[in-house]
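The structure under discussion appears below in the form of structure tokens.
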Number of protein chains: 2
Amino acid sequence: MLDSIEIKQSIKRTRVHEQVTRILLRRIIRGKLQVGQKLSTERAMALEFGVNRTTVREALRYLENLDLITIRQGDGAYVKNYLESGNIQIVKAILQVDNSMRFQVITAIMEIRRINSPEMAYSAALKRSQSHLQRLENTALNRWGVSVIERDKKIHHLIGLASGNILHVLMTNFYEEFYDFFGHLYFENEKNKKRSEKFHKDIFFAIKKQNAQEAKKIMREILLYSEKALFSKIKCGADA
Amino acid sequence: MLDSIEIKQSIKRTRVHEQVTRILLRRIIRGKLQVGQKLSTERAMALEFGVNRTTVREALRYLENLDLITIRQGDGAYVKNYLESGNIQIVKAILQVDNSMRFQVITAIMEIRRINSPEMAYSAALKRSQSHLQRLENTALNRWGVSVIERDKKIHHLIGLASGNILHVLMTNFYEEFYDFFGHLYFENEKNKKRSEKFHKDIFFAIKKQNAQEAKKIMREILLYSEKALFSKIKCGADA
DNA sequence: GTCCGATAATTGGTTCAACCAATTTTGGAC
DNA sequence: GTCCAAAATTGGTTGAACCAATTATCGGAC
């Protein structure tokens, strides 16, 4: 009961089937297991990795849920072409096993966010309910309590809810999964922090006024700003 | 070897752990299992459903992959708030267990597509390689072979590839998972078919000319058209 | 020789029983 | 009441066995 969530997450022992997942994932992403190729049998993999077949099966279940493989009883498991059938979650999986694609993936994510979030803000300004507005105000104007990064997450999330489109919410969840990868790079800078706090207020008032065009513009500008700030940071980091 | 893919898919016996998944999914989506609530123990569920604990575990693994539950060794499994942490794949899961949200979900998906795909076409026109252009031409201009709906899927997919953003490709995969739900309603109409075939040619030529603005406009127009066509269809279906 | 069908071998799906590892609960010492 | 160690609870993993679908094999009909 006393353990903080941070400790729980950092200490948590990696489950064996997650390690197996990682190995297979790496083989697929790196191309050691090519599209259409048949995986070893469950029994053979259990032997190879020195684990139980049940454990292998849990790993295969994960890859199947990502649409990275198909499994057919009596036959075997085959690698699918993730560009044709894979679901969006695979980019996170990719990042975890292949750091070389990191920059490309992050760029792709930010581009998608730059396309979607302004429209999300637009819809939110038009459709926001009174209760969403209230929650937005509580989060945007109260400077105490949580960190800026946490407040930023919450603002985007609330705007998603206010937009009335569940996919906007889920897309926002998706972006946030990558805050761990690059969010701190942005928010550790004091100037960026200030800029985002201004954003929180501005977008709240635009949504309050139901000025959709302005909300869209404000969202667009903060995303462009943060992208620029982030990439210059990454470039500096690479030079150092 | 003789069985067609259709037969394979329709006949395929539902795996037991998938049935368990379905039950638990329904309980969560319908709110019988509320956010924060603890699920029964694996052993208890195995008893309740009359299956083995291993089978229950495979179902739980699925829900965990969807970020619908968290599992903690020594403690148990808890329902998460999917609006805060769920990944995009859950909307498909929702559709499979709760038909009442069907209209809302499809509307949400089409809105997101209307936001993204025109920008995807824009990028594709700017960045398309010669090989992507070639594949696009083969698909867009050859009227023989596959059905219009299959050609349509392929066109969108190729535009995604040409855009150079892997997320555009994966988002396109995502939309396509719902063609089964509403695609046939659109493509069974001869006039709609003709309209889409025109779209295929038009967007190809725009991308060939690298006219990004035009490609974006063409994409936007076909999406608006198809949405209108689809909703009038759904409305008629509801009246009949 | 080819083709067909029965049969065997292979492989994923499920079950059972046991034990390991983390967490929670219990109950006594203070 | 607090604290700590033991016990109970619960998820994680293992091993072996059997079920079910697919594939490979082999013998006979032609």
Side-chain angles (χ1 to χ4, degrees), chain A residues 1-24 33 36-80, chain B residues 1-24 33 36-80:
Chain A
M1 195 72 91
L2 293 175
D3 309 332
S4 77
I5 288 180
E6 285 76 13
I7 292 179
K8 273 182 188 168
Q9 289 188 338
S10 62
I11 289 189
K12 94 176 160 190
R13 206 174 59 85
T14 318
R15 297 181 285 191
V16 178
H17 69 256
E18 288 176 343
Q19 298 177 33
V20 175
T21 297
R22 222 180 138 80
I23 294 173
L24 294 177
L33 286 170
Q37 193 173 341
K38 192 172 180 173
L39 276 67
S40 310
T41 67
E42 295 178 350
R43 289 169 177 87
M45 285 191 274
L47 215 62
E48 178 188 357
F49 300 136
V51 300
N52 190 269
R53 197 181 139 210
T54 308
T55 307
V56 173
R57 283 179 59 78
E58 297 205 25
L60 292 179
R61 194 68 54 231
Y62 176 81
L63 299 176
E64 189 186 35
N65 290 340
L66 281 183
D67 287 320
L68 279 175
I69 63 173
T70 48
I71 305 177
R72 293 183 55 210
Q73 181 173 356
D75 186 359
Y78 294 84
V79 179
K80 290 169 77 172
Chain B
M1 193 72 92
L2 293 175
D3 309 333
S4 76
I5 288 180
E6 285 76 12
I7 291 179
K8 272 183 187 165
Q9 289 189 338
S10 63
I11 287 189
K12 100 177 155 189
R13 207 173 58 85
T14 319
R15 297 182 286 191
V16 178
H17 70 255
E18 288 176 342
Q19 298 176 33
V20 175
T21 297
R22 223 180 136 79
I23 294 174
L24 294 176
L33 286 170
Q37 193 173 341
K38 193 172 181 174
L39 275 67
S40 311
T41 67
E42 295 178 350
R43 288 168 177 87
M45 284 192 274
L47 215 61
E48 177 188 356
F49 299 136
V51 300
N52 190 267
R53 195 181 140 209
T54 309
T55 307
V56 173
R57 283 179 60 78
E58 297 206 25
L60 292 178
R61 195 67 56 232
Y62 176 81
L63 299 175
E64 189 186 35
N65 290 339
L66 281 183
D67 288 319
L68 279 175
I69 63 172
T70 47
I71 306 177
R72 293 183 55 212
Q73 181 173 355
D75 186 359
Y78 295 84
V79 179
K80 291 168 74 171

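Just so we're clear, the structure is a prediction, and the values are computed from it rather than from any experiment. Proteins come first, then strands; the chains are lettered A, B, ... in the order of their sequence lines, and each starts at number 1.
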[Y] side chain reached by [X] side chain, heavy atoms, under 4.5 Å:
X: B:Arg61; Y: B:Ile71; result: yes
X: A:Leu60; Y: A:Met45; result: yes
X: A:Glu58; Y: A:Val16; result: no

Discussion item. Heavy atoms within less than 4.0 Å of DNA chain D: which residues of residues 42-52 of chain B have one? Give them sorted by number.
Written reply: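 Those residues whose heavy atoms fall under 4.0 Å from DNA chain D, taken from residues 42-52 of chain B in numerical order, are B:Glu42, B:Arg43.
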Nearest to side-chain heavy atoms of [X], which nucleotide of [options]:
X: A:Arg15; options: D:dT22, D:dT13, C:dG13; value: D:dT13
X: A:Arg53; options: C:dG13, C:dT24, C:dA18; value: C:dG13
X: A:Gln73; options: D:dG12, C:dT15, D:dA20; value: D:dA20

Think [X] has a side-chain N or O under 4.0 angstrom from the OP1 or OP2 of [N]?
X: B:His17; N: C:dT14; value: yes
X: A:Arg72; N: D:dT23; value: yes
X: B:Thr55; N: C:dG13; value: no

Discussion item. Nearest heavy atom decides the nucleotide; on that basis, is B:Ser40 or A:Asp75 closer to the 5' end of DNA chain D?
Written reply: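 Its nearest nucleotide lies further toward 5', so the answer is B:Ser40.
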To the nearest 0.5 angstrom, please state how far the [atom1] atom of [X] sits from the [atom2] atom of [Y].
X: B:Ser40; Y: B:Leu33; atom1: OG; atom2: CG; result: 7.5 Å
X: A:His17; Y: A:Thr54; atom1: NE2; atom2: OG1; result: 12.0 Å
X: A:Asp75; Y: A:Lys38; atom1: CG; atom2: NZ; result: 4.5 Å

Atom-to-atom span, [atom1] of [X] to [atom2] of [N] - whole angstrom:
X: B:Arg57; N: C:dG13; atom1: CZ; atom2: C1'; value: 16 Å
X: B:Ile71; N: C:dA22; atom1: CD1; atom2: C1'; value: 14 Å
X: B:Glu18; N: C:dG12; atom1: CD; atom2: P; value: 16 Å
X: B:Gln19; N: C:dG13; atom1: CD; atom2: P; value: 14 Å
X: B:Glu58; N: D:dG11; atom1: CD; atom2: P; value: 16 Å

Item to complete: Report which part of the nucleic acid B:Thr41 touches: base, sugar-phosphate, or nothing (heavy-atom distance under 4.0 Å, all strands).
Response: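 Sugar-phosphate, no base atom in range.
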Practice prompt. Name the residue closer to the 5' end of DNA chain C, choosing between B:Lys38 and A:Arg61 according to the nucleotide with the nearest heavy atom.
Written response: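 Taking each residue's closest nucleotide, the earlier one in sequence belongs to A:Arg61.
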Discussion item. Can you list everything that forms a salt bridge (charged side-chain N to carboxylate O under 4.0 Å, His left out) with B:Arg22? Sequence neighbours excluded, please.
Written reply: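 If we apply the salt bridge (charged side-chain N to carboxylate O under 4.0 Å, His left out) test to B:Arg22, skipping adjacent residues, there are no hits.
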